[in-house]
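Encoded as structure tokens, the structure appears first; notes follow it.
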Amino acid sequence: MATLRGRTGRDEGRVGAPRVGVAPSAEEIAVAWAGGERLPALVQESFPTATRLSGDQLARRLGEGLDFEQLRAYQPGEPAARIDWRISARANEPVVRVHREPAQRQAHLIVDCGAAMRFGTRRRLKLSQALLAAHAFAAGALRQNLAVEIHGIGEQLCPGHHAAGPVTGQGAILQRLGELAEAAGETCEDAQPVDWPGLRQRLLQRLPAGSVVVVLSDCLSDTGPGRPIDWAPLAAAHHLIFVSVADRVELDMPDLGLVAFEAGSRARWLDTGNRRWREGFARRQHERLNTWRESAEALGAAFLALPADAEPADWLAEAPVALARAAGAPA
């Protein structure tokens with residue numbers, strides 16, 4: 001999608017120029033956390049022993065733990081304490097008991113801080129809305145006892161920031177999201193392209209299977225996360241949630257008169273006063289959004305369309321429907 005810039009016959013400024021800073025206000029963050037704590041489970045599997053205590057979820061690896069997994073023949077070099085002597089006496093050979101280690105699942109919040117997210121015509125920028133949504137999903141993840149890691153991508157943000165590792169405390173998450181908002185607000189407009197293929201490859205290599213991955217970006221933007229099919233390898237091993245943030249003028253173009261749409265160094269002037277053009281534009285944009293939703297859900301991912309000016313209390317009410325639809329439950 002081309003970048004909308006406000007070169008019109010009536011105005012020489014950028015349409016949707018930031019009226020406020022990138023960082024959401026403390027009041028908005030408080031509302032987002034309160035709503036996020038009421039979100040349904042981000043991971044739909046039912047764990048019979050699930051509590052708010054850490055280490056209550058089963059890891060994929062076998063080792064020391066309290067949850068019995070299987071009996072197998074003793075292998076040379078194993079500790080003798082693992083041998084089940086009673087069963088070994090009946091089997092006439094050493095047999096050991098194997099348990100499954102406890103683990104804590106992870107939620108990875110990917111916040112797109114690229115140029116396409118620095119646009120907004122009402123109340124807040126798309127990036128500010130993405131940060132608010134990150135707060136809400138972080139609250140939901142902590143409520144389900146998931147360790148949370150923040151990934152800010154799109155520019156040279158906080159070197160080494162995503163190497164800090166997942167955390168389980170609200171204070172640490174608030175600090176990291178605050179640092180990300182501060183760093184994003186200080187960067188210049190010469191944003192580097194987002195390396196989505198590289199990001200997906202790194203996530204595939206380092207994330208433990210079964211992690212929750214929340215992608216906060218503009219799925220209709222040329223610099224957005226790409227095509228849903230590009231995420232298929234991650235969707236096969238993890239729980240994906242796409243939150244597509246868009247400004248309303250990017251979906252339903254208002255009458256702005258003569259406007260230049262720019263993509264790179266090229267510009268094209270269009271008359272948005274033409275009602276027929278506006279209706280066709282809105283139809284195509286909504287069709288693209290629906291196609292993205294259907295393709296994402298075909299992968300088993302959740303998809304939530306989030307207007308940049310929507311209040312947390314409003315859009316969080318729609319999140320359970322998206323999560324339930326991805327899990328195959330009736331909405």
Side-chain angles (χ1 to χ4, degrees), residues 29-69 99-111 130-152 161-180 203-204 206-216 234-243 300-302 304 312 315-329:
I29 291 174
V31 173
W33 271 85
E37 290 175 346
R38 295 191 292 271
L39 283 174
L42 303 182
V43 179
Q44 296 298 329
E45 289 89 349
S46 175
F47 294 97
T49 58
T51 68
R52 289 182 65 87
L53 302 177
S54 62
D56 60 355
Q57 299 159 358
L58 298 181
R60 288 179 175 261
R61 63 185 181 274
L62 303 179
E64 301 295 337
L66 299 178
D67 296 287
F68 173 73
E69 180 67 20
H99 297 79
R100 190 171 293 274
E101 291 185 2
Q104 187 169 26
R105 286 201 170 189
Q106 299 177 5
H108 293 261
L109 309 182
I110 303 170
V111 182
L131 288 167
L132 268 180
H135 281 284
F137 278 99
L142 287 189
R143 181 178 177 274
Q144 199 181 346
N145 191 38
L146 304 178
V148 178
E149 184 169 0
I150 311 297
H151 303 260
H161 186 67
H162 21 300
V167 294
T168 57
Q170 179 178 354
I173 295 173
L174 289 172
Q175 179 180 352
R176 291 190 182 183
L177 285 172
E179 291 172 354
L180 179 60
L203 293 177
L204 272 174
R206 62 169 291 222
L207 296 193
S211 298
V212 176
V213 180
V214 183
V215 182
L216 301 134
L234 275 165
H238 305 288
H239 301 266
L240 291 184
I241 301 173
F242 293 101
V243 181
L304 179 65
W315 71 261
L316 282 170
E318 302 177 7
V321 177
L323 295 173
R325 187 185 295 117

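All heavy atoms count here, side chains included; hydrogens, waters and symmetry mates do not. Computed from a predicted structure; not experimentally measured. Counting from 1, the numbers follow the sequence of the chain as shown.
Of all the heavy atoms in Leu39 and Ala136, the pair that sits closest is CD1-O, 4.0 Å. The two residues His239 and Gly210 have their closest heavy-atom pair at CD2-O, 3.5 Å. The minimum heavy-atom distance between Gly36 and Leu316, with the atom names listed, is N-CD1, 3.8 Å. Residues Pro312 and Ala32 share a closest heavy-atom pair of CB-CA, 4.1 Å.
Note that the NE2 atom of His108 and the OG atom of Ser211 stand 4.5 Å from one another [nearest 0.5 Å]. We find the NE2-CG distance between His238 and Leu207 to be 5.0 Å, quoted to the nearest 0.5 Å. Note that the CG atom of Leu304 and the CG atom of Leu323 stand 8.0 Å from one another [nearest 0.5 Å]. The structure places CD1 of Ile110 at 10.0 Å from CD of Glu149, a figure rounded to the nearest 0.5 Å. Rounding to the nearest 0.5 angstrom, the gap separating the CD1 atom in Ile150 from the CG atom in Leu177 is 4.0 Å.
Considering only residues two or more places apart in sequence or on other chains, Ala130 meets the side chain to side chain contact (heavy atoms under 4.5 Å, CB included) condition with Val111, Met117, Leu216, Val245. Applying the side-chain hydrogen bond (donor to acceptor under 3.5 Å, both in side chains) criterion to Gln170, with sequence neighbours excluded, gives no partner residue. With sequence neighbours excluded, the residues satisfying side chain to side chain contact (heavy atoms under 4.5 Å, CB included) with Ala141 are Leu42, Ala107, Leu146, Val148. Applying the side chain to side chain contact (heavy atoms under 4.5 Å, CB included) test to Leu240 and every residue at least two apart in sequence or in another chain returns Val213, Trp231, Leu234, Ala235, Phe242, Ala301. Annotation: side-chain hydrogen bond (donor to acceptor under 3.5 Å, both in side chains) contacts of Trp33 (sequence neighbours excluded): His135.
Contact annotation: the side chain of Val243 approaches that of Val214 to within less than 4.5 Å [non-hydrogen atoms, C-beta and beyond].
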Taking it one step at a time, do Leu109 and His151 satisfy side-chain contact (heavy atoms from CB on, under 4.5 Å)?
-> CA-CA 6 Å; Leu109 309 182; His151 303 260; 6.0 Å; no
